[in-house]
Student: 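One structure coming up, written as structure tokens, with questions to follow.
Excluded from the calculations below are hydrogen atoms, water molecules and symmetry mates; all remaining heavy atoms, backbone and side chain alike, are included. Throughout, protein chains are lettered first and strands after them, A, B, ... in sequence-line order, and every chain is numbered starting at 1.
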Amino acid sequence: MVSYDIQEVELRWQKRWQELGVYNVEQDDLRPKSYVLCMYPYPSGAAHQGHVKNYTFGDLNVRYRTMRGEAVLSPIGFDSFGLPAENAAIKTGIHPREFTEARIDELRASLRRLGSVYDWRRESKSHSPNMVKWSQVIFKRFFEAGLAYKAEAPVNWCPGCQTVLANEQVHADGTCDRSGDIVEKKNLSQWFFRITKYADELLDSIDDLDWPEPVKVMQRNWIGRSVGAKFTLSISGLNGIGVDVYTTRPDTAFGMTYAVVAPEHPIVAMVIDGKFADADFIAQHGGANFEFDPAHINSVAAFVEEVKTLNDVDRVSTATDRPKRGVFTGLSVTNPFTGQEVPLYSADYVLMTYGTGAIMAVPGEDQRDYDFAKVFSLPIVRTVKPPEDFDGEAYTGTGEKINSDFLNGLSIEDAKAKAIEFLTNKEIGESSVQYRLRDWLISRQRYWGCPIPIVYCDNCGTQAEAEENLPILAPDDVEFLPTGESPLARHATFKDAICPKCGGYARRETDTMDTFVDSSWYFLRFADAFNDDAPFSIEALREWMPVDQYIGGIEHAILHLLYARFFTKALSDLGMVPTELREPFSRLFTQGMILMNGSKMSKSKGNLIAPEKYFNSVGADALRLFHLFVGPPGDSFNWTDQADEMIEGSARFINRLYRVATEPYEPKGIDTEAGRVLRIELNKTIKKATFDYERWSYNTVVAATMSLVNAIYKAIAANADVESVQDAIDGAIKLLAPMTPHVCAEMWSIRHDDEILHRQPWPSADEELLASVKETMIIQIGGKVRDRIEVDGDIDEESALSIALASDKVLVHLPNGKPSRVVAKLPKLLNLIP
RNA sequence: GCCCGGGUGGUGGAAUGGUAGACACGGAGGACUCAAAAUCCUUUGCUCGCGAGGGCGUGCGGGUUCGAAUCCCGCCCCGGGUACCA
């Protein structure tokens, strides 16, 4: 079946593109600039099918845009810090650097073998001293600007990874994104990035991004802005002690029949400490009429203990179907709207980490409160009139306000505003905006990451390392042990530092940064990869940023893409990137996954079908073509036995074109009409393929080109003229050049005296020729197709009708011999209504 | 539960309100060959009919329209995200 030496041709062209530097670009390039980037790959070794798909899309875009006359920045690098290398070190004793470099070499070789082209001079590796230095410089600037801070907080600890995790790395069911272990809560002092400062801008500017809608929706939900009111509920019988609550429904305050605090709320600790049974404390707060039954101290303490023993999975995952649990605190609070006292409960359906950790409970209009009220037999009052036929429990719909004194009769919206006005006037509350988004925890108790460039001085406190001392590199002489303690913390001298302020002894921070920090700015470095003075310059970023086309997996919808957006905005405010650069990625494409039996094809599942197998048999071009042809780029593909047959089919098509492109064509006689038909087909295909390239419909580009090749074979069988046939072949080669680059380059160079195909301009369709083509007019009777007739492209309704009425097929279905009505979309369609 | 996608031949899929099933894979038949492979050609939604031709058909039920896979309403199923966020 093979008609050319695939291995030889593919390797030769890979070498040639590299030597010619076709895809090396300079800042002073005069062509229009664009930037195409695939997401920073983690180097896990040789490429898998997911990589092949991803990098084929990337490479295709680079080559297509280059042929369209653009100077395309196409860089590549490796997200080379991370846990697997360190875990391997614990297991095998091989240093993470050595391990990682070997994996990078494998992945790099795979990408080259795939035929992916890059400006390799710009290659980056997160663990290189150069990149570590710039990560640390950026951290230092963040620290100085108050965007990086250290705080004690309840954090997610993964026992499997032996480190803390960001909220974004913990799944809804409380398991670790990477290892799947159940994440534990620990109170630790950790470093955070103040991403919440940008919550509003991160949310609002999503609208303007040319990104897939599902990704935009996920980011909006993750940031989770909600608008409502915050106010204080004072403890009945005491002065100066209260509980702040947050609600999005201040209009329902008249329906508050109890209040709830989270088990971790400070007021709960005060109950357990016996504060409310302490005569001095009560006297201090003017509690002459205060009543408290000390029996509650034990029952509250017991409840808090019970909750503590539950991990997140127990507490959260069965959220909606588990009966509500809680305990009466023994305290009452006063509803400021009604003046009534209502009981204060503690329950774990209220989370300390959201809002104020306390709520007013309105069982009439909130299902969770309703469920709790039922368990504890608490009163339920409706403040919104439900429809007549409402038979649910809590009513959350719209309606007229009732049982709400001065809010009665108002709409919910108006009542909200008036309730906030009431709180503001009484100076016990105000309108408030809350976010689901938390600050980004970046500390990791691991070795193979970028060290946090901070020292702790007994005299001067927490200090950023002096810039001239950067990079701070992790020492090589460490022991990798599965103890859960970072090798850096155990190292004899790494901790020893000099305070940059006073010059005295200081203790060095031993935690490293989350690897998502590295991938939050690497794309900026590519634009100015040779800069020795700064991570990047404003001028270079003005030339190349933002990334015009970003390509990667949907699994990064929140984590990487949100962090990178935050970095861009923060760096912009710090003056390190252009002020007008607020978003890093103009257009995003998320490719589909490769599945096998319904689950993701991956090394850990042991269901990999290695690309090497195909590189060594049918070649990279055929494998690329298969991935492009199999379906829409955004769709997942379930790998079955049929895949091999389809890959064979791709190889067959390539050979079919190769044969016709390289064998001499000597027609016996000339059929000019056959030539004309082929010419029309060629120009139609150029038009369609170009349109489809622009809309990322690569599977239909392949289909259109296959049709063209079929037409070429037909034209040859019909003795079409040589020029028409040769033009059609050249056209097909150009249209396929971004998809199957090697064989196309080879065919072009054979046919055109060693010319470089990928430096050729993109073909354009002959519109004049296309305008002269006859169209097929569909004749419908009452919407059903009854005949098809060839007509001129500019036919008018009158002639179309007379042609139609001359057709027997039409007249059979038209009892009166003429229509009662005519709908014409000429020249494509004529619909006659009987 | 809520929020996104999606449901079309034996299979992957095509069709931006206008010929449903392009293009492939697989199947069937044929040519070439001593034979096989490779290659080339024909055919391939279901159904009635010898045929010309007709009927049905895009998860299900309604609707809008001259015309619906496509738009609207109500369901069913599959995939993903999210999960007591007040």
Student: So what's B:rA83 paired with, Watson-Crick or G-U wobble, going by both distances under 3.5 Å?
Tutor: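 Check on B:rA83: unpaired, no WC or wobble geometry under 3.5 Å.
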
Student: Side chain of A:S707 only, heavy atoms from C-beta on: which candidate in B:rU19, B:rC23, B:rA14 is closest?
Tutor: B:rC23

Student: Starting at atom CE of A:M593, determine the distance to atom P of B:rG81, rounded to an integer number of angstrom.
Tutor: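 My rounded result for the distance is 8 Å.
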
Student: Counting just side-chain N and O atoms, does A:R436 come under 4.0 Å of either OP1 or OP2 of B:rU82?
Tutor: no

Student: So which one's nearest nucleotide on RNA chain B is more toward 5', A:T776 or A:T353?
Tutor: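 Per heavy-atom nearest nucleotide, the more 5' residue is A:T776.
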
Student: Which whole number of Å gives the distance between the C1' atom of B:rG13 and that of B:rG45?
Tutor: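 Their C1' atoms lie roughly 15 Å apart.
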
Student: Between A:N699 and B:rA14, does any side-chain N or O lie under 4.0 Å from OP1 or OP2?
Tutor: yes

Student: Taking only the side-chain heavy atoms of A:E645 (C-beta and beyond), determine which of B:rC25, B:rG67, B:rG55 contains the nearest atom.
Tutor: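 It is B:rC25.
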
Student: Given atom CD of A:E648 and atom C1' of B:rU11, what is their separation to the nearest angstrom?
Tutor: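 Atom CD in A:E648 sits about 17 Å away from atom C1' in B:rU11.
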
Student: Applying a 4.0 Å non-hydrogen cut-off, can you work out what A:R786 is touching in the nucleic acid: base, sugar-phosphate, or nothing?
Tutor: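 Sugar-phosphate, no base atom in range.
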
Student: Across all strands, who's sitting opposite B:rU11 as a Watson-Crick or G-U wobble pair, both distances under 3.5 Å?
Tutor: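 By the stated definition (distances under 3.5 Å), B:rA24 pairs with B:rU11.
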
Student: Which whole-number value in Å describes the distance from A:K825 NZ to B:rU65 P?
Tutor: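 Going from NZ in A:K825 over to P in B:rU65 covers 15 Å.
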
Student: Which nucleotide wins on minimum distance to the side chain of A:T700, given the candidates B:rA20, B:rC66, B:rA14?
Tutor: B:rA14

Student: Should A:R656 be listed as having a side-chain N or O under 4.0 Å from OP1 or OP2 of B:rC40?
Tutor: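 For B:rC40, OP1 or OP2 has a side-chain N or O of A:R656 closer than 4.0 Å.
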
Student: Measure from CE on A:M646 to P on B:rG13 and round the result to the nearest Å.
Tutor: 8 Å

Student: Of the listed nucleotides (B:rA24, B:rG12, B:rC41), which one gets closest to any side-chain atom of A:V630?
Tutor: B:rG12

Student: Which base sits across from B:rU39 as a Watson-Crick or G-U pair, both distances under 3.5 Å?
Tutor: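 Partner of B:rU39: B:rA31.
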
Student: Say you pick atom C1' in B:rU19 and the same atom in B:rG57; how far apart are they, in whole Å?
Tutor: 15 Å

Student: Distance alone, cut at 3.5 Å: any donor-acceptor contact between the side chains of A:Y349 and A:D371?
Tutor: no

Student: Give a yes/no answer on whether the side chain of A:S226 brings an N or O atom under 4.0 Å of OP1 or OP2 in B:rA86.
Tutor: yes

Student: Taking the same atom, P, in B:rG81 and in B:rC71, what whole-Å distance lies between them?
Tutor: 25 Å

Student: Could you give me the CA-CA distance, side-chain angles and deciding distance for A:N655 and A:Y4, then say whether side-chain hydrogen bond (donor to acceptor under 3.5 Å, both in side chains) is met?
Tutor: CA-CA 8 Å; A:N655 275 291; A:Y4 64 100; 5.6 Å; no

Student: Counting side-chain heavy atoms from CB outward, which of B:rC3, B:rC66, B:rG10 is closest to A:V217?
Tutor: B:rC3

Student: Within the structure, does a side-chain N or O atom of A:N710 lie under 4.0 Å from either OP1 or OP2 of B:rA24?
Tutor: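 It does, given that an N or O in the side chain of A:N710 lies less than 4.0 Å from OP1 or OP2 of B:rA24.
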
Student: Could you let me know what B:rC60 is paired to, Watson-Crick or G-U wobble, both distances under 3.5 Å, or none if it's on its own?
Tutor: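 Its partner is B:rG74 (Watson-Crick or G-U wobble, both distances under 3.5 Å).
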
Student: Side chain of A:P632 only, heavy atoms from C-beta on: which candidate in B:rG13, B:rA86, B:rC41 is closest?
Tutor: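 Within the option list, the nearest is B:rG13.
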
Student: Would you say a side-chain N or O of A:R821 is under 4.0 Å from OP1 or OP2 of B:rC66?
Tutor: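 Checking B:rC66 against A:R821, a side-chain N or O does come within under 4.0 Å of OP1 or OP2.
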
Student: Kindly point out which of B:rG26, B:rG18, B:rC41 is positioned nearest to the side chain of A:R652?
Tutor: B:rG26

Student: I need the minimum non-hydrogen distance between A:P827 and A:I795, along with the two atoms involved.
Tutor: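 Heavy atoms of A:P827 and A:I795 come nearest at CB-CG2, 4.1 Å.
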
Student: Measuring from the side chain of A:Q780 (C-beta onward, heavy atoms only), which nucleotide among B:rU19, B:rA86, B:rC84 has the closest atom?
Tutor: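 Ranking B:rU19, B:rA86, B:rC84 by closest atom to the A:Q780 side chain puts B:rU19 first.
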
Student: Side chain of A:E213, base of B:rG5: donor and acceptor closer than 3.5 Å?
Tutor: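 Not at all, since no donor on one side and acceptor on the other fall under 3.5 Å apart.
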
Student: Give me the distance, rounded to whole Å, that separates B:rU58 from B:rG62 when you measure between the P atoms they each carry.
Tutor: 13 Å

Student: Reckon A:K784 has a side-chain N or O less than 4.0 Å from the OP1 or OP2 of B:rC56?
Tutor: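 Result: yes.
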
Student: Count the heavy atoms of every other residue, nucleotide or ligand shown that sit under 6.0 Å from NZ of A:K216, and state whether that count exceeds 12.
Tutor: yes

Student: Take atom CG of A:L829 and atom P of B:rU19, then tell me their distance rounded to the nearest Å.
Tutor: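 So the CG-P distance, A:L829 to B:rU19, works out to 8 Å.
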
Student: The side chain of A:N831 is closest to which nucleotide in this list: B:rA20, B:rG67, B:rC23?
Tutor: B:rG67

Student: Does A:R659 place a side-chain N or O at less than 4.0 Å from the phosphate oxygens OP1/OP2 of B:rC40?
Tutor: yes

Student: I want to confirm an ordering. Mapping A:T356 and A:G783 to their closest nucleotides on RNA chain B, which one lands closer to the 5' end?
Tutor: A:G783

Student: Mind checking the C1' distance from B:rA14 to B:rC23? Whole angstroms is fine.
Tutor: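 So the two C1' atoms sit 7 Å from each other.
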
Student: B:rG9: syn or anti, with syn meaning chi within 90° of zero?
Tutor: syn

Student: Given the P atoms of B:rG30 and B:rG79, what is the spacing between them in whole Å?
Tutor: 44 Å

Student: Would you tell me whether A:R656 and A:N710 have side-chain atoms, one donor and one acceptor, within less than 3.5 Å of each other?
Tutor: yes

Student: Touch check for A:G649, heavy atoms < 4.0 angstrom, all strands: base, sugar-phosphate only, or nothing?
Tutor: sugar-phosphate

Student: Would you check if there is a donor-acceptor pair between the side chains of A:Y354 and A:S226 at a distance under 3.5 Å?
Tutor: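 Yes - a donor-acceptor pair under 3.5 Å links their side chains.
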
Student: Ignoring backbone atoms, establish whether A:Y246 has a side-chain N or O less than 4.0 Å from OP1 or OP2 of B:rA86.
Tutor: no

Student: Distance only, no hydrogens: is a donor on one side chain within 3.5 Å (strictly under) of an acceptor on the other, for A:T396 and A:E365?
Tutor: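 A:T396 vs A:E365: no donor-acceptor pair found between side chains.
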
Student: Roughly, in whole Å, what's the span from NZ in A:K324 to C1' in B:rA86?
Tutor: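 For the pair A:K324 NZ and B:rA86 C1', the rounded distance is 11 Å.
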
Student: Measure from the side chain of A:Q642, starting at C-beta and using heavy atoms only, and say which of B:rU11, B:rG18, B:rC4 lies closest.
Tutor: B:rU11

Student: Whom does B:rC66 pair with, Watson-Crick or G-U wobble, provided both distances fall under 3.5 Å?
Tutor: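 Pairing partner: B:rG18.
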
Student: What integer number of Å spans the P atoms of B:rC2 and B:rU8?
Tutor: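 Nearest-Å result for B:rC2 against B:rU8 at atom P: 25 Å.
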
Student: Rounded to whole angstrom units, what separation is found between the CD atom of A:Q219 and the P atom of B:rU82?
Tutor: 12 Å

Student: So which atom in A:L736 and which in A:L625 form the shortest heavy-atom distance, rounded to 0.1 Å?
Tutor: CD2-CD1, 4.4 Å

Student: Rounded to whole Å, please give me the gap between CD1 in A:I654 and C1' in B:rU39.
Tutor: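 The distance from CD1 of A:I654 to C1' of B:rU39 comes to 17 Å, rounded to the nearest Å.
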
Student: When the P atoms of B:rA36 and B:rA24 are compared, how many Å lie between them, rounded to an integer?
Tutor: 26 Å

Student: With a 4.5 Å limit on heavy-atom distance, are the side chains of A:I380 and A:K374 in contact?
Tutor: yes

